[in-house]
Amino acid sequence: MRTAARTAALAAALLVGLSATQAHAAHGANLVDNGTFTEPGVLNGGENYKAFNWDSDDKIPGWAIIRGEVHIFSRTLSGLEHFQAANLSGGAPATLTQAVDTVPGLEYKLSWQDHTETHSSCKDIDGERQRYSVTVSGTRSEESFTPKTHWRGRDVFFTAGQDDTVLTFHSNSQVANCGALISRVSVRQA
């Protein structure tokens, strides 16, 4: 009798855990950590930014730099009133990744905004020379994007193939220190 009660309690706990995972995804919660790059905080005003290298001890919370250098731009420099942005070609073209918890078989929408480099030293570099690509692990091939001189929303839909889905933003910039900006990155169940 005790074993049956314990088994029933364990089964109920497992069902509650599964329901919590499904409820989390179903309620449209953003699964991306620090998608507005507000951490670390960068002093606002002027052309302020903070540099992060792939081999640096300093990290961007929620994100991993696989290669190159990423600059986190202040709200002023990014042109976003309430958010900061990641420059995908800070000192060298970079690859920025994050793993998000997904449920295999469920459809998700990856959304973000992009913009051409806003630093004054890059004002004459057109979007074609600041291209970048996005990959969602195990689900899609790489897609390439060209930023414009205004913030523009992007969406990629995917069906999760595993529990952890890795998002990758990869700079294909032709200019070492001038690359696309991204911000407002989110993943929600579609």
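The closest side-chain donor-acceptor pair between His170 and Ser133, if any, does not fall under 3.5 angstrom. For the 3.5 Å distance criterion, the side chains of Arg131 and Ser144 qualify, holding a donor opposite an acceptor. For the 3.5 Å distance criterion, the side chains of Gln98 and Asp33 fail to qualify, holding no donor opposite an acceptor. For Ser120 and Glu47, the side-chain atoms include at least one donor-acceptor pair closer than 3.5 Å. Judged purely by distance below 3.5 Å, without hydrogens or angles, the side chains of Thr102 and Thr165 pair a donor atom with an acceptor atom.
Remark: side-chain polar atoms of Glu117 are paired, donor with acceptor, to backbone N or O of Gly179 under 3.5 angstrom. Between the His71 side chain and the Phe73 main chain, no donor and acceptor come within less than 3.5 Å of each other. Looking only at distances, no side-chain donor or acceptor of Gln189 sits under 3.5 Å from a matching main-chain atom of Glu107. In this structure, Asp155 contributes its side chain and Ser111 its backbone to no donor-acceptor pair below 3.5 Å. Counting only distance, with no hydrogens or angles, the side chain of Gln84 and the backbone of Phe37 share a donor-acceptor pair below 3.5 Å. The closest donor-acceptor contact from the side chain of Asp114 to the backbone of Ile182 lies at 3.5 Å or more, if one exists at all. At least one donor-acceptor pair closer than 3.5 Å links the side chain of Arg67 to the backbone N or O of Pro93. Checked by atom type and distance alone, the side chain of Ser173 never pairs as donor or acceptor with a backbone atom of Ser89 at under 3.5 Å. Not a single donor-acceptor pair under 3.5 Å links the side chain of Glu143 to the backbone N or O of Val156.
Applying the side chain to side chain contact (heavy atoms under 4.5 Å, CB included) rule to Lys123 yields no partners; only residues at least two apart in sequence or on another chain are considered.
Between Phe83 and Trp151, the distance from one ring center to the other does not fall under 6.0 angstrom.
The shortest heavy-atom contact between Tyr108 and Ala160 is CE1-CB, 3.7 Å.
One hydrophobic cluster holds both Val100 and Val103 under the rule that ILVMFWY side chains link at heavy-atom gaps under 4.5 Å. By the rule that hydrophobic residues join a cluster once side-chain heavy atoms approach within less than 4.5 Å of another member, Tyr132 and Leu181 end up as members of separate clusters.
Applying the side-chain hydrogen bond (donor to acceptor under 3.5 Å, both in side chains) test to every pair with at least one member in residues 72-83, sequence neighbours left out, gives these pairs: Asn44-Thr76. For residues 52-65, the set of pairs meeting the side-chain hydrogen bond (donor to acceptor under 3.5 Å, both in side chains) definition, not counting sequence neighbours, comprises Lys50-Asp58.
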